[in-house]
Asks: 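Pasting in a structure now, in structure tokens, and then I'll have a few things to ask.
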Protein chains: 2
Amino acid sequence: MLKISTRCRYGLLAMVELGQCYGQAPVSAQEIYKKQRVPKFYLQQLLVKLRRNGLVESIRGTRGGFVLKKDPKTIKILDIVKAVEGPVQLISCTKQSRDKCCSKIKECLTRPVWVELHEVVNRVLSERTLHDLMR
Amino acid sequence: MLKISTRCRYGLLAMVELGQCYGQAPVSAQEIYKKQRVPKFYLQQLLVKLRRNGLVESIRGTRGGFVLKKDPKTIKILDIVKAVEGPVQLISCTKQSRDKCCSKIKECLTRPVWVELHEVVNRVLSERTLHDLMR
DNA sequence: TAATACTTGACAAGAATAGTCATATATAGT
DNA sequence: ACTATATATGACTATTCTTGTCAAGTATTA
């Protein structure tokens, strides 16, 4: 059904929250999950992934929290999705991953639709930045 | 990860096969799964769904099989995906299903991306027909 | 040193995916 | 009428993914 996962939704919510406070004091995980009503421990997990992918920085201790590591204008939505979910790979037979292709790639009449879908999704997520979502 | 399911892939493969023989003799499930190397019983299930959704017609008995019920030019890829998987619903807060929305729809800063993604996917799948995939 | 906050890694329930199978029914050809 | 071929239906199952939870540890500030 191609449903957007909660991982994606919560991850982006968190990033938007951090975006709103860009340049200011760090925002704690607690502030985010209270404001956005997302599960505490689940959110923590996602924040760790965002940190490991270089999107946010964590500051430990009292008055600590998370801050964006880059300007919201330079953060693509795709970067965020990739960070919490891994690559957005609608099919395995793309140019990027030739190895996983089935052997009938050339004769495959259905492939063009899936490729187009794959490309269009990645394009939309690449064109929009975190900044575009903020007011 | 928004991966295309095998349901979708196999369903479309089957429809393309039937499309190739449109106007000719019925194609048996066996012919399809042998040619496309998809699991026999799984394919049967998908064909039943395609029939129940009015995309194909089944003919029982010897020399039976399946035929398209409509011209490939009038069958949208979206119709096929819907038949085997149900509606393509990337998020639950769309215009179509207001009821399932969260209460914060107006303040939700992340929603626009998901809506755009939802629309773009549905548009691509609606614009392409089965005929477009055939040579 | 107490309180706050992130870190790490393991664990688990539930749903979805992918696929199987037995039994029944229908039809064509002989 | 009989047989071989084909679909119909519904139940069943293994595996994976999703969506979390939790405990114990580390770091920092006031």
Side-chain angles (χ1 to χ4, degrees), chain A residues 1-14 17-18 21 25-34 36-53 55-69 81 84-92, chain B residues 1-14 17-18 21 25-34 36-53 55-69 81 84-92:
Chain A
M1 262 216 328
L2 286 182
K3 223 179 105 188
I4 303 283
S5 67
T6 60
R7 264 200 304 274
C8 270
R9 294 196 294 110
Y10 298 168
L12 186 55
L13 277 174
E17 281 302 308
L18 297 182
C21 301
V27 182
S28 73
Q30 191 177 172
E31 290 176 74
I32 298 175
Y33 77 70
K34 281 194 175 162
Q36 295 292 345
R37 307 280 185 82
V38 296
K40 177 178 177 176
F41 295 114
Y42 198 29
L43 178 66
Q44 284 277 13
Q45 264 188 9
L46 300 179
L47 286 166
V48 168
K49 288 188 179 185
L50 292 169
R51 179 179 59 79
R52 289 192 179 148
N53 282 274
L55 294 180
V56 306
E57 193 171 351
S58 70
I59 295 131
R60 288 182 161 198
T62 311
R63 312 279 293 162
F66 296 86
V67 289
L68 290 189
K69 214 166 177 181
V81 172
V84 294
E85 287 225 303
V88 179
Q89 187 85 11
L90 279 78
I91 46 172
S92 50
Chain B
M1 264 214 329
L2 285 181
K3 223 178 105 188
I4 303 285
S5 67
T6 59
R7 264 200 303 277
C8 271
R9 294 195 293 110
Y10 297 168
L12 186 55
L13 276 174
E17 281 302 308
L18 297 182
C21 301
V27 182
S28 72
Q30 191 177 171
E31 290 176 74
I32 298 175
Y33 78 70
K34 282 195 174 160
Q36 294 294 344
R37 306 281 185 83
V38 296
K40 176 178 178 177
F41 295 113
Y42 198 29
L43 177 67
Q44 284 278 13
Q45 266 188 7
L46 300 178
L47 287 166
V48 169
K49 288 188 180 185
L50 291 168
R51 180 180 59 80
R52 288 190 180 150
N53 282 275
L55 294 180
V56 306
E57 194 171 351
S58 70
I59 295 131
R60 289 184 161 197
T62 311
R63 313 279 292 160
F66 296 85
V67 289
L68 290 190
K69 214 167 177 182
V81 172
V84 294
E85 287 225 305
V88 178
Q89 188 86 13
L90 279 78
I91 46 171
S92 50

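Below, chains carry the letters A, B, ... as their sequence lines are ordered, and counting in each starts from 1.
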Asks: Return the value, rounded to whole Å, for the distance between atom CZ of A:Arg9 and atom P of D:dT18.
Replies: 14 Å
Asks: Tell me the closest heavy-atom pair linking A:Gly11 and A:Val84, and the distance in Å.
Replies: CA-CG1, 4.4 Å
Asks: CD of A:Glu85 versus P of D:dG20: gap in Å, rounded?
Replies: 13 Å
Asks: Would you kindly compare A:Arg51 and A:Thr62 by the position of their nearest DNA chain C nucleotide and give the one closer to the 5′ end?
Replies: A:Thr62
Asks: Tell me if a side-chain donor or acceptor on B:Gln36 pairs with a main-chain N or O of B:Tyr33 at a distance below 3.5 Å.
Replies: no
Asks: Is there, by distance only and without an angle test, a donor paired with an acceptor across the side chain of A:Arg63 and the base of D:dT29 below 3.5 Å?
Replies: no
Asks: Rounded to whole Å, please give me the gap between CZ in A:Arg7 and C1' in D:dT21.
Replies: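 Spelled out: CZ on A:Arg7 to C1' on D:dT21 is 16 Å.
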Asks: Measure CZ/B:Phe66 against P/C:dT27 and give the value in whole Å, please.
Replies: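 Taking CZ of B:Phe66 and P of C:dT27, I get 14 Å after rounding.
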Asks: Give the minimum heavy-atom separation between B:Ala14 and B:Leu43, together with the two atoms involved.
Replies: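 Reported closest heavy-atom pair: CB-CD1, 3.9 Å.
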Asks: From the list C:dT8, D:dG20, C:dG19, which nucleotide is the closest neighbour of the side chain of A:Thr6?
Replies: D:dG20
Asks: Check A:Val81 against A:Cys8 and note the closest heavy-atom contact, atom names and distance.
Replies: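 Shortest heavy-atom contact: CG1-SG, 3.7 Å.
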Asks: What is the distance, rounded to the nearest whole Å, between atom OH of A:Tyr33 and atom P of D:dT21?
Replies: 11 Å
Asks: Could you check how far OH of A:Tyr10 sits from P of D:dT21, rounded to whole Å?
Replies: 9 Å
Asks: Would A:Lys49 and A:Gln45 count as a side chain to side chain donor-acceptor pair (under 3.5 Å) if you check the C-alpha gap in whole Å, the side-chain angles of each, and the deciding distance to 0.1 Å?
Replies: CA-CA 7 Å; A:Lys49 288 188 179 185; A:Gln45 264 188 9; 5.8 Å; no
Asks: Distance alone, cut at 3.5 Å: any donor-acceptor contact between the side chains of B:Lys40 and B:Gln44?
Replies: no
Asks: I want to check one thing: is the phosphate of C:dT8, taken as OP1 and OP2, less than 4.0 Å away from some side-chain N or O of A:Arg52?
Replies: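 Checking C:dT8 against A:Arg52, a side-chain N or O does come within under 4.0 Å of OP1 or OP2.
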Asks: Would you jot down, in residue-number order, the residues of residues 38-50 of chain B having a non-hydrogen atom under 4.0 Å from DNA chain C?
Replies: B:Pro39, B:Phe41, B:Tyr42, B:Gln45
Asks: Whole angstrom is fine here: how far is it from CD1 in B:Ile59 over to C1' in D:dA8?
Replies: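 Spelled out: CD1 on B:Ile59 to C1' on D:dA8 is 15 Å.
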Asks: Want to settle it: does A:Ser5 or A:Arg60 sit nearer the 5' end of DNA chain D, counting the closest nucleotide to each?
Replies: A:Ser5
Asks: Figure out the CE/C1' separation between B:Met1 and D:dC17, and round it to whole Å.
Replies: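 So the CE-C1' distance, B:Met1 to D:dC17, works out to 10 Å.
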Asks: With a 4.0 Å cut-off on N to O distance, would you call A:Arg7 and A:Glu85 a salt bridge?
Replies: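 Counted as a salt bridge, because a side-chain N and a carboxylate O are separated by less than 4.0 Å.
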